[in-house]
Amino acid sequence: MTTKVSLADAPGAMTVPLLDLKAQYATIKPELDLAVHAVLDSGRFIQGPEVTGLEAEVAAYSRVAHGAGVASGTDALLLALKALGVGPGDEVVTTAYSFFASASTIALLGATPVFCDIEPETYNLDPAKLASCLTAKTRAVVPVHLFGQCADMPAILALCEPRGIPVLEDAAQAIGSEWQGKRAGEMGVAACFSFFPSKNLGGIGDGGMVVARDEALIDRVRLLREHGARPKYHHHVLGQNSRLDALQAAVLRVKLRHLEAWHAGRQANAARYRELLAGTDVGLPVARSEARHIYNQFVVRTPKRDALKQHLGDAGVGTEVYYPRPLHLQECFAALGHGAGDFPQSEAAAAETLALPIYPELTGEQIAYVSSRIHALLGAR
Ligand SMILES: Cc1ncc(COP(=O)(O)O)c(C=O)c1O
């Protein structure tokens, strides 16, 4: 993985999937199998030491004191927002260009998602456009650290803190990412992670976590994830069943030990793509100097996106469009009254971006092959 590659290394036709979880499993099979069997042997599948262990380890990794494991990244957002008191009549600001759950969780709580456009370079919430989104009803702001690069949190916090508005980090794609040396989770009032298998820290199914400095906030999430009951069968608030399985926690604890090496692998792959694609018309991801980008996705940009996707698919290369339709134009949000042109940067990104394979086990030859196929379509400048 560390050898330098050039386009001359590009082999003939080969298959390069967008993500290869079997390749990852092969690198850690003995320790992962051991952890899975230990859970099976324990007979302890709900809560227990694997879950509390993972909560402590992910919180420490994120440089905060507390974590609450939940059933998914979506539930992490839902329960964190609920714990912050978000409900009907409130407005919550988030980006118009993200995965659906960044906004759906706001609406599911009866609050109104207020969309903010993105910076065209990083695809993250544009702080310059945030002030005009804030009103007396704003109950929280949810910036998304998209593709593994933190949003400009100091600029966002500078607008929200004086107004007393909590900032909840949607760090579903960004565990371990940093901005000016501060880690995702360390900057907002809390951060939400997803352990969906495609994330840098991915389980063998769904999972998520809320981390925060504030023990009371995390305690509230813990209450909400267990039907609002404490003790059992005594329900203080309307919660739900949103626990993280012990099996997922055990798997994630093993994988957490490899996470820094996997981040480094992704960063090295990104650097290789940058070298090899430098002479093409493809726009490369902008990694801001303030950021530690963990490259959950390596997203390139071209007005010929659909042709590039087709061309790479024909050549055996897996790609994905994250996301083809911005949130304000989703049918389920029609009642918000938005139309095309409301958030031009989000709409342009949705039309032009394409994620390439970036997973850590990708070989230099595979990167050279993908790059050579891009050169073949989009040519040298
Ligand atoms: C930005 C963002 N927010 C929230 C989520 C929701 O996480 P999950 O799929 O674990 O529910 C995701 C996952 O894809 C995401 O990418």
Side-chain angles (χ1 to χ4, degrees), residues 18-19 21 54 58 67-82 86 92-109 113 115-116 118-119 122-125 140-151 153 156 167-177 184-185 188 190-211 221 224-225 240-245 248-249 251-252 255 266 293-299 320-328 330 332-333 346 349-350 353 355 358-359:
L18 180 65
L19 180 64
L21 291 174
L54 181 74
V58 169
V70 294
S72 67
T74 302
D75 277 2
L77 285 168
L78 189 77
L79 299 188
L81 288 167
K82 200 166 179 177
V86 169
V92 177
V93 181
T94 192
T95 152
Y97 182 63
S98 179
F99 180 65
F100 179 62
S102 306
S104 67
T105 48
I106 298 165
L108 284 168
L109 290 171
F115 295 116
C116 184
I118 53 166
E119 299 172 329
T122 63
Y123 310 115
N124 283 329
L125 189 146
V141 172
V142 183
V144 182
H145 303 328
L146 206 67
F147 303 143
Q149 175 166 237
C150 287
M153 288 295 291
I156 294 166
V167 177
L168 176 65
E169 300 175 58
D170 181 342
Q173 303 181 7
I175 189 165
S177 66
C192 298
F193 298 126
S194 163
F195 302 131
F196 187 76
S198 66
K199 302 300 194 272
N200 287 31
L201 181 62
I204 52 169
D206 279 308
M209 192 175 290
V210 184
V211 297
V221 173
L224 290 168
R225 77 179 175 190
Q240 63 197 69
N241 176 357
S242 182
R243 293 177 292 244
L244 179 68
D245 290 341
Q248 293 304 337
V251 165
L252 290 162
K255 290 194 175 193
R266 287 169 181 268
H293 200 321
I294 55 124
Y295 291 102
N296 180 239
Q297 302 295 342
F298 187 85
V299 174
E320 187 57 276
V321 174
Y322 300 114
Y323 299 93
R325 184 184 284 259
L327 295 173
H328 65 288
Q330 295 291 344
C332 66
F333 292 135
S346 297
T353 56
I358 188 71
Y359 58 91

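Atoms within each ligand, like the ligands themselves, are counted from 1 in listed order. Heads up: numbering here begins at 1 and tracks the sequence.
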Checklist entry - Just one of Leu54, Asp206, Val251 clears the side-chain contact (heavy atoms from CB on, under 4.5 Å) bar with Phe195, so which one? => result Leu54
Starting from [atom], find the nearest protein heavy-atom neighbour and note its residue, name and distance.
atom: atom 12 (C) of ligand 1; answer: Phe99 CD2, 3.5 Å
atom: atom 9 (O) of ligand 1; answer: Ser194 OG, 4.0 Å
atom: atom 11 (O) of ligand 1; answer: Thr74 OG1, 2.5 Å
atom: atom 13 (C) of ligand 1; answer: Lys199 NZ, 3.0 Å
atom: atom 3 (N) of ligand 1; answer: Asp170 OD2, 2.8 Å
atom: atom 2 (C) of ligand 1; answer: Ala172 CB, 3.4 Å
atom: atom 16 (O) of ligand 1; answer: Gln173 NE2, 2.8 Å

If you measure every N or O of [X] against every N or O of ligand 1, does any of those distances drop under 3.5 Å?
X: Asp206; result: no
X: Ser98; result: no
X: Phe196; result: no

Show me the donor-acceptor pairs, under 3.5 Å and distance only, between side chains in residues 141-150 and residues at least two apart or in other chains.
{"unit_1": "His145", "atom_1": "ND1", "unit_2": "Ala151", "atom_2": "N", "d": "3.0"}
{"unit_1": "His145", "atom_1": "NE2", "unit_2": "Glu169", "atom_2": "OE1", "d": "2.8"}
{"unit_1": "Gln149", "atom_1": "OE1", "unit_2": "Arg288", "atom_2": "N", "d": "2.8"}
{"unit_1": "Gln149", "atom_1": "NE2", "unit_2": "Val286", "atom_2": "O", "d": "3.0"}

Checklist entry - Under 3.5 Å, is there a donor-acceptor pair between the side chain of Asp75 and the main chain of Arg243? => result no
Item to check | Whether His145 lies under 4.0 Å from ligand 1, heavy atom | outcome: no
Checklist entry - Should the proximity of Val144 to ligand 1, defined as any heavy atom under 4.0 Å, be assigned to the side chain, the backbone, both, or neither? => result side chain
Checklist entry - After noting the C-alpha distance and the side-chain angles of Met209 and Ile175, does the key distance pass the side-chain contact (heavy atoms from CB on, under 4.5 Å) rule? => result CA-CA 10 Å; Met209 192 175 290; Ile175 189 165; over 6 Å; no
